[in-house]
Amino acid sequence: MAKQVIKVPDLGGADQVDVIEITVAVGDTVAAEDSLIVVEGDKASMDVPAPMAGKILSISVSEGDQVSEGDVIAEIETEAGDDDASAEEGSSEPEEKEDSPAEEEATKEEAASEESAEGEEKEETVKVPDLGGADSVDVIEVSVQPGDEVAEGDSLIVVEGDKASMDVPAPFAGTVVSIDVKEGDKVSTGDKLGVLKTTSGGAKKAESKPEKKSEKKPAEQPAKKAESTEAVSSASEEPPAAPQKDHALERDLTVSAEVYAGPAVRKLARELGVTLTKVKPSGPRNRVTKDDLHAYVKEQVKKAESGAVGVGTTGIAKMPEIDFSQFGPVTTEPMSKIHKLTAANMARNWLNVPHVTQFDDADITELEEFRKSMKAEAEKRGVKLTPVPFLLKAAAAALRAEPSFNVSLHNDGEHIVRKDYVHIGMAVDTPKGLMVPVIRDVDKKGLYELAEEATAMAVAARDGKLKPRDMQGACFTISSLGAIGGRGFTPIVNAPEVGILGVSKLSVQPVWNGKEFVPRQMLPLALSYDHRAVNGGDAGRFLTYLVSVLGDVRKLLL
Ligand code: CAO
């Protein structure tokens, strides 16, 4: 057995390159030419392969590091006889690496005491804390690698017992010198996990402490990178590891019924906003690993970029682009501003509002008799008395009688705004698109006044003369297609309102009066509502009240 140091090879002229991937872990056995790390320069990335086969003892670089030719990448243990395999790099320190364990320990102690005496840095062994009764647990994740800077409490490794997994946190801030376990190992309370190096009082940076090897051959060992390699061989005597009760296994359950993942993975998922249940696990016992998370995020980004995921969080795929001219002659024209706005609002309301639509027919035989009897009088006043003013008045009465409809949901999702005014929107079909002017204080206005205002608003809408304020503040909307036709339709709630009444064309229907069928003028009504704000019972009462008022308009006087 021999230890060899692997260094960054000739970079083809580049001064420095970034380490973009570490493809091995401490403890891995690699074949010669297996990729160890991937580095990336200005124009290209490259694998740095293992110059010889062996077992990775330490890795001295981290993702994101900048390295230059000659920097130490890793330390590898080769089979005896392979010592010469790495001509220039690995052969530099074989004797030292082959010290007998006793000698090595002595050297380590010497190094440690030198460091302590200087009061600059100290190395401490990190041990497996109290496992809360478990005999041994599996190492399921190694969260750091030699050279990593960690803060106190950062996860070093994740261990897992029968029912739970837990982080083993860094007991203090410092640099990871070595991690002496690998994924799949079994460990027990008190086992050595690795070595952390700290700077007492923050006296000196790690760079200022050249490793043993660089002391001997400074030219060959860039100080920064050498440090972590040194750390592996100079791990000092192990101070007694205080049992870390705070992190006892039973207190740090991270297995939920839904997903199996270590705390570090959960933390990363939270940071990335990923719902862990959506991630396909690839770890042992279906555990979600960091790689799984990264793969999931990558996939989502790819999908989003390719348009496979639609607007917002709906997950609806976009419509494919179609060249309609392949089927026949077509012309393409721009949508009006109103049309585009309407399209966006409709899509938003349709997708955000859980709609329910309730249907009924109002018997407006008497209302129609009354309306027709008043027609001449209305004309004298210069107004047209259609069913719409009656509908406005009846809806206002229903909003007062059933105030559960005269509300909006607050954006915070925690409040309901109740309105003590009754403004009603009236959908108007215009050549430029659908517009909804608002008639204010409908409950306080008479039928002639409402008829006049409705006509004026419809004319203004068709002439494009509505002001923004004319279209704001509605509590409820009426959409009447009665003059156009149709037996019924399901209108879309005009949020933030919570209800809309769709009125279709009245028709004479045979109605059973208890003795016989009689011809009655029936007006089909459809009430759509936002089921987040309004319950079916409220809607039933609202529509029943509305139907009864339209059936006997004298009730409006009560
Ligand atoms: N059933 C049968 N006839 C009806 C009726 C009904 N439900 N509602 C109105 N009528 C009759 C009127 O009485 C009138 O007849 P007379 O001239 O003989 O009196 C005729 O239809 C035309 O009415 P109108 O359209 O002039 O006036 P209105 O008050 O009925 O409607 C307005 C006004 C602005 C609501 C309407 O013009 C309009 O634009 N409707 C379309 C609304 C719309 O597009 N909704 C869909 C929105 S979602 O895409």
Side-chain angles (χ1 to χ4, degrees), residues 335-336 338-350 353 355 357 359-365 367-379 381-395 424-439 442 445 447-466 470-471 474 476-495 497 499-509 520-528 546-547 550-551 553:
M335 285 164 81
S336 71
I338 292 173
H339 195 168
K340 282 193 274 185
L341 265 175
T342 303
N345 287 343
M346 290 297 173
R348 184 197 63 195
N349 295 341
W350 179 252
V353 176
H355 281 76
T357 305
F359 305 91
D360 207 345
D361 292 334
D363 183 340
I364 60 165
T365 312
L367 184 154
E368 278 297 275
E369 271 171 29
F370 175 63
R371 184 176 74 84
K372 279 173 186 156
S373 72
M374 299 302 293
K375 232 179 163 184
E377 168 71 21
E379 269 164 25
R381 291 170 176 254
V383 293
K384 188 174 175 191
L385 205 56
T386 69
V388 167
F390 291 88
L391 288 163
L392 286 166
K393 195 73 193 162
I424 297 182
M426 178 184 69
V428 179
D429 181 35
T430 82
K432 284 193 178 157
L434 175 67
M435 306 199 76
V436 188
V438 178
I439 300 173
V442 176
K445 291 176 178 167
L447 284 169
Y448 288 134
E449 197 179 356
L450 290 174
E452 190 180 343
E453 213 171 313
T455 306
M457 284 295 199
V459 169
R462 285 176 184 135
D463 292 348
K465 294 204 172 133
L466 288 176
D470 294 333
M471 291 177 281
F476 185 81
T477 290
I478 293 177
S479 176
S480 172
L481 289 175
I484 299 170
R487 297 190 59 186
F489 63 103
T490 53
I492 297 174
V493 170
N494 195 15
E497 298 154 42
I500 181 167
L501 183 72
V503 183
S504 294
K505 190 176 177 70
L506 81 84
S507 62
V508 178
Q509 299 284 330
R520 304 294 290 179
Q521 298 189 64
M522 305 302 288
L523 183 70
L525 302 174
L527 175 70
S528 292
L546 189 67
V547 164
L550 290 170
V553 284

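In this chain, numbering begins with 1 at the start of the sequence shown. What you see is a predicted model; the values in this text were computed from it and never measured. Counting starts at 1 for both ligands and their atoms, following the listed order.
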Q: Verify the contact flag for atom 27 (O) of ligand 1, where contact means a protein heavy atom under 4.0 Å away.
A: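 There is a protein heavy atom less than 4.0 Å from atom 27 (O) of ligand 1.
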Q: Of all the non-hydrogen atoms in the protein, which one sits nearest to atom 46 (C) of ligand 1, and at what distance?
A: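 Among all protein heavy atoms, the one nearest atom 46 (C) of ligand 1 is Ser479 OG, 3.0 Å.
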Q: N/O to N/O below 3.5 Å, does that happen between Leu506 and ligand 1?
A: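 Min N/O separation from ligand 1 is below 3.5 Å for Leu506.
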Q: Under the side chain to side chain contact (heavy atoms under 4.5 Å, CB included) rule, what do Val428 and Met457 come out as? Steps first, then yes or no, please.
A: CA-CA 9 Å; Val428 179; Met457 284 295 199; 5.8 Å; no
Q: Where the closest heavy atom to atom 32 (C) of ligand 1 is concerned, which of Ala378, Ala427, Gly502, Ala483 has it?
A: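 Among Ala378, Ala427, Gly502, Ala483, the closest heavy atom to atom 32 (C) of ligand 1 belongs to Ala427.
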Q: Any heavy atom of Met457 closer to ligand 1 than 4.0 angstrom?
A: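 Met457: no contact with ligand 1 (<4.0 Å).
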Q: Counting only heavy atoms, which portion of Lys372 has something under 4.0 Å from ligand 1: side chain, backbone, both, or neither?
A: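 The answer is neither.
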Q: Give the intermediate values and the outcome of side chain to side chain contact (heavy atoms under 4.5 Å, CB included) for residues Leu506 and Glu368.
A: CA-CA 10 Å; Leu506 81 84; Glu368 278 297 275; 3.9 Å; yes
Q: In the protein, which heavy atom is nearest to atom 41 (C) of ligand 1, and how far is it?
A: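 Going atom by atom, the protein heavy atom closest to atom 41 (C) of ligand 1 ends up being Ser480 O, 3.3 Å.
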Q: Parallel, tilted or perpendicular: which describes the rings of His355 and Trp350, with under 30° parallel and over 60° perpendicular?
A: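 Ring orientation of His355 relative to Trp350: tilted.
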Q: Counting only heavy atoms, which portion of Leu481 has something under 4.0 Å from ligand 1: side chain, backbone, both, or neither?
A: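 For Leu481, only side-chain atoms sit under 4.0 Å from ligand 1.
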Q: Heavy-atom distances under 4.0 Å are what count here, so tell me which part of Pro491 touches ligand 1: side chain, backbone, both or neither.
A: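 Looking at Pro491 and ligand 1, no heavy atom falls under 4.0 Å.
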Q: Does Met346 reach ligand 1, in the sense of a heavy atom lying below 4.0 Å from it?
A: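 False for this residue.
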Q: Any idea which part of Arg462 is under 4.0 Å from ligand 1, heavy-atom wise: side chain, backbone, both or neither?
A: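 The answer is the side chain of Arg462.
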